[in-house]
Amino acid sequence: MTKTEVSTDQLITGIVKGIEEVKGNDITILDLREIENTVCDYFIICNGTSNTQVNAIVGSVQKMVSKELKDKPWHIEGADNAEWVLMDYVNVVVHVFQKHIREFYDIEGLWGDAKITTIQANY
């Protein structure tokens, strides 16, 4: 069985769908392709209101991407304390924060040269 290549657009769509499925907040996509020496092409950033919701977002993203695209993250970091969980899909890195941790680290500010897209949630 050969693995079919998943396009970055499909992956981003699946990740955002997974976040929205459990009502993740403040979804932002940072396009890093025009910045030199970046580790990936996109960051997707969102936040939850508690450890439980952060873990639910991570689980929902994994389930959605696995079900729809037959893909899984290369690595997940931070799931034990669920304050900042990083999901590495190689070209796309997902950051799921608790709100106060997201404000403290201000990833959007650190990557201010990136093209930023904000996803408007319908909830």
Side-chain angles (χ1 to χ4, degrees):
M1 184 169 128
T2 60
K3 184 178 179 197
T4 57
E5 278 297 310
V6 175
S7 81
T8 303
D9 288 344
Q10 288 175 306
L11 182 57
I12 290 171
T13 300
I15 290 167
V16 169
K17 237 168 126 174
I19 295 168
E20 291 177 331
E21 189 77 20
V22 289
K23 297 184 175 23
N25 300 312
D26 305 321
I27 305 167
T28 305
I29 301 171
L30 275 61
D31 183 343
L32 307 172
R33 293 176 296 175
E34 299 295 318
I35 301 172
E36 287 186 33
N37 302 321
T38 57
V39 294
C40 64
D41 292 339
Y42 294 93
F43 280 166
I44 299 178
I45 305 168
C46 70
N47 56 268
T49 56
S50 66
N51 298 39
T52 305
Q53 188 182 21
V54 166
N55 280 327
I57 292 167
V58 170
S60 179
V61 168
Q62 281 185 283
K63 185 176 173 184
M64 189 68 66
V65 171
S66 174
K67 182 176 146 189
E68 292 193 356
L69 304 173
K70 308 290 187 259
D71 201 1
K72 61 182 182 179
W74 179 71
H75 187 71
I76 296 178
E77 192 72 43
D80 291 340
N81 65 8
E83 291 184 345
W84 176 2
V85 179
L86 181 142
M87 305 175 74
D88 186 350
Y89 283 94
V90 184
N91 288 339
V92 179
V93 174
V94 183
H95 298 272
V96 184
F97 289 97
Q98 286 191 39
K99 187 173 177 63
H100 67 284
I101 302 293
R102 180 177 183 174
E103 290 168 355
F104 179 80
Y105 285 103
D106 186 27
I107 294 211
E108 292 94 336
L110 291 173
W111 293 91
D113 292 345
K115 181 180 173 222
I116 298 175
T117 304
T118 304
I119 306 295
Q120 294 299 321
N122 298 327
Y123 41 85

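- In terms of modelled atom types and a separation under 3.5 Å, the side chain of Asn25 and the main chain of Thr49 share no donor-acceptor contact.
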Exercise for the section: Could you go through the side-chain contact (heavy atoms from CB on, under 4.5 Å) check for Glu34 and Asp113 one step at a time? Expected result: CA-CA 9 Å; Glu34 299 295 318; Asp113 292 345; over 6 Å; no
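- One side chain, Thr28 or Arg102, offers a donor N or O that lies under 3.5 Å from an acceptor on the other.
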Practice task
Determine, stepwise, if the pair Ile44 / Val93 fulfils side-chain contact (heavy atoms from CB on, under 4.5 Å).
Solution key: CA-CA 6 Å; Ile44 299 178; Val93 174; over 6 Å; no
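- Taking CG from Asn91 and OG from Ser7, the interatomic distance works out to 10.5 Å, rounded to the nearest 0.5 Å.
- Nearest heavy atom pair, residue Gly18 against residue Ser60, reads O-OG, 2.6 Å.
- In this structure, CD1 on Ile15 lies 9.5 Å from OG1 on Thr8, to the nearest 0.5 angstrom.
- Considering only heavy atoms from C-beta on, Val58 comes within 4.5 Å of Met87 through its side chain.
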Handout entry: Check against side-chain contact (heavy atoms from CB on, under 4.5 Å), Cys46 and Ile57
Key = CA-CA 9 Å; Cys46 70; Ile57 292 167; 3.9 Å; yes
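- Note that CD1 of Ile12 is 9.0 Å distant from CD1 of Ile119, once rounded to the nearest 0.5 Å.
- In the model, Gln62 has no side-chain atom that pairs as donor or acceptor with a side-chain atom of Ser66 under 3.5 Å.
- Rounding to the nearest 0.5 Å gives a distance of 11.0 Å between CZ of Phe97 and CZ of Phe104.
- Hydrophobic clustering (side-chain heavy atoms under 4.5 Å, transitive across Ile, Leu, Val, Met, Phe, Trp, Tyr) keeps Ile27 apart from Ile116.
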Handout entry: Test side-chain contact (heavy atoms from CB on, under 4.5 Å) applied to Phe43 and Val92, step by step
Key = CA-CA 6 Å; Phe43 280 166; Val92 179; over 6 Å; no
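- Checked against a 6.0 Å centroid threshold, the rings of Tyr89 and Trp74 do not count as neighbours.
- Leu86 and Leu30 fall within the same hydrophobic cluster, where Ile, Leu, Val, Met, Phe, Trp and Tyr residues are linked whenever their side-chain heavy atoms come under 4.5 Å apart, directly or through other members.
- Follow the hydrophobic side-chain contacts under 4.5 Å out from Ile29 and you reach Val22 in the same cluster.
- Although no hydrogens or angles enter the test, the distance criterion places no donor-acceptor pair under 3.5 Å between the side chain of Gln10 and the main chain of Val65.
- When only modelled atom types and interatomic distance are considered, Gln98 and Asn47 share no side-chain donor-acceptor pair under 3.5 Å.
- A distance of 11.0 Å separates CD1 in Ile19 from CG in Asp26, rounded to the nearest 0.5 Å.
- Smallest separation of non-hydrogen atoms from Ala114 and Leu32: CB-CD2, 3.6 Å.
- A continuous path of Ile, Leu, Val, Met, Phe, Trp and Tyr side chains, each step under 4.5 Å between heavy atoms, connects Val61 with Val16, placing both in one hydrophobic cluster.
- With hydrogens and angles disregarded, no donor-acceptor distance shorter than 3.5 Å links the side chain of Tyr42 to the backbone of Asp9.
- Val94 is not connected to Met64 by any chain of hydrophobic side-chain contacts under 4.5 Å among Ile, Leu, Val, Met, Phe, Trp and Tyr, and they are in different clusters.
- Around atom CD of Glu83, more than 12 heavy atoms belonging to other residues, nucleotides or ligands sit under 6.0 Å away.
- Of the possible polar contacts, none joining the Lys23 side chain to the Glu20 backbone as a donor-acceptor pair under 3.5 Å is found.
- Here the CG-CD1 distance, from Asp88 to Ile76, works out to 9.5 Å after rounding to the nearest 0.5 Å.
- In summary, Glu68 and Lys17 engage in a salt bridge, as defined by a charged side-chain N under 4.0 Å from a carboxylate O.
- No donor-acceptor distance shorter than 3.5 angstrom exists from the side chain of Glu108 to the backbone of Ile45, with no hydrogens or angles considered.
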